[in-house]
Number of protein chains: 2
Amino acid sequence: MLRKGVLFVISGPSGVGKGTLKKALLENMNDLLSSISVTTREPREGERDGWDYFFVTEESFEKKIDQGELLEWARVFSNMYGTPRDFVASNLEHGQDVLLEIDVQGALQVKKKMPEAVLIFVAPPSIHELAMRLTSRAQDSAESISSRLAASEDELKQIDYYDYLLINDDINDTLAKLESIVSAERCRVKNLELR
Amino acid sequence: MLRKGVLFVISGPSGVGKGTLKKALLENMNDLLSSISVTTREPREGERDGWDYFFVTEESFEKKIDQGELLEWARVFSNMYGTPRDFVASNLEHGQDVLLEIDVQGALQVKKKMPEAVLIFVAPPSIHELAMRLTSRAQDSAESISSRLAASEDELKQIDYYDYLLINDDINDTLAKLESIVSAERCRVKNLELR
């Protein structure tokens with residue numbers, strides 16, 4: 001069955017384990033391709049251009065931004081990082097599923113430019129407590145909300161833009177769910193070339 | 001995490017193996033509830049009302065149709081069969097996922113009344129040939145289409161109403177994909193009570 005490739009975006013707050021999940025997912029599903037970022041930072045020992053990163057000058061990076069060649073980008077300290085639209089789009093065009101692991105702001109930029117991307121939010125276990133509070137009929141007082149939950153709540157506001165929510169209580173369980181999402185999306189009618 | 005129940009509808013042409021898949025899925029995922037049909041036919045030896053079927057009179061069945069109490073219904077020879085809306089809706093309301101296995105016409109009736117239902121089309125392997133023909137750039141002559149493929153094509157026209165397509169080449173592979181779909185849908189943001 002011919003079908004388009006699907007762009008899977010794993011995202012969530014820092015420290016939630018999305019890097020570990022990405023690595024494990026790529027090991028278990030070797031027909032998934034990891035996207036390669038464009039960066040202005042210097043290559044480290046052993047890093048190869050077009051393999052670990054696409055290494056470019058700052059001037060070239062800015063030009064890519066201006067020409068809409070990046071699905072998302074961000075400045076991290078003095079370096080810039082971005083996701084090349086062409087690399088992702090041409091792989092999808094050839095039926096290759098692509099995996100992207102980025103922060104929440106980056107994921108929302110991608111979704112805006114590629115609404116068909118599948119956004120997966122990985123949340124810390126503390127989100128349980130927040131969800132309980134949000135869905136509870138009894139309204140807790142504002143004082144009872146720790147600053148940590150308040151931060152989670154800010155992140156949670158973005159969840160409507162996401163397709164899936166995974167609560168990373170247990171890495172193996174989360175990984176299994178992630179694999180289910182990939183398998184299921186591959187059977188989705190909207191991802192088939194039938195029409 | 002609190003969430004609504006999801007209604008999964010397994011559907012497809014007769015003889016495609018959807019009954020076998022339903023049985024195997026219920027065995028593997030015991031937190032799925034099979035819907036119970038309403039019927040006007042006589043109970044057979046050992047069948048229990050409210051367990052195998054809800055057994056009703058023809059008059060009572062017609063009243064249910066008139067009052068919109070059936071998600072879908074059909075006459076099979078001299079008997080009538082239907083899916084009770086209340087049974088399904090109240091289980092979903094309590095967070096219980098429900099599984100329904102019905103023909104294509106029934107599935108489309110359900111989708112109309114419950115657009116949030118997850119429709120899964122199980123297709124015979126012969127659909128590969130059809131899909132190839134449909135996606136091929138070279139247009140085959142009308143004569144080259146066997147009547148079997150023509151029938152499949154009619155069914156395939158309904159596929160846009162479905163969420164997922166499973167091609168039943170291998171029952172174990174199809175079952176694994178079906179389980180992935182159930183697991184993935186349980187993580188879908190739209191099925192969570194967060195908002």
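Every chain is numbered from 1 and lettered A, B, ... according to where its sequence line falls, protein lines coming before strand lines.
In terms of heavy-atom pairs under 4.5 angstrom with chain A, the leader among B:Arg186, B:Arg188, B:Glu179 is B:Arg188. Per-residue counts of heavy-atom pairs under 4.5 Å with chain A were compared for B:Asp163, B:Leu119, B:Ile120; the largest is that of B:Asp163.
Shown here is A:Asn28, whose CG atom has more than 12 heavy atoms of other residues, nucleotides or ligands within 6.0 Å. Within a 6.0 Å sphere centred on CD of A:Gln67, heavy atoms belonging to other residues, nucleotides or ligands number more than 12. When the shell of 6.0 Å around CD of A:Glu27 is examined, it contains more than 12 heavy atoms from other residues, nucleotides or ligands. No more than 12 heavy atoms of other residues, nucleotides or ligands sit less than 6.0 Å from atom OH of A:Tyr161.
Of the atoms belonging to A:Ile181, heavy atoms from both backbone and side chain fall under 4.5 Å from chain B.
A chain of hydrophobic side-chain contacts below 4.5 Å, direct or via other Ile, Leu, Val, Met, Phe, Trp or Tyr residues, connects A:Ile102 to A:Val104.
In terms of heavy atoms, A:Val189 sits closest to B:Leu165 at CG2-N, 3.9 Å. In plain terms, the two heavy atoms of B:Ser183 and A:Ser180 that are nearest each other are CB-OG, 3.5 Å.
Distance OH/A:Tyr164 to CG/B:Asn191: 9.5 Å, rounded to 0.5 Å.
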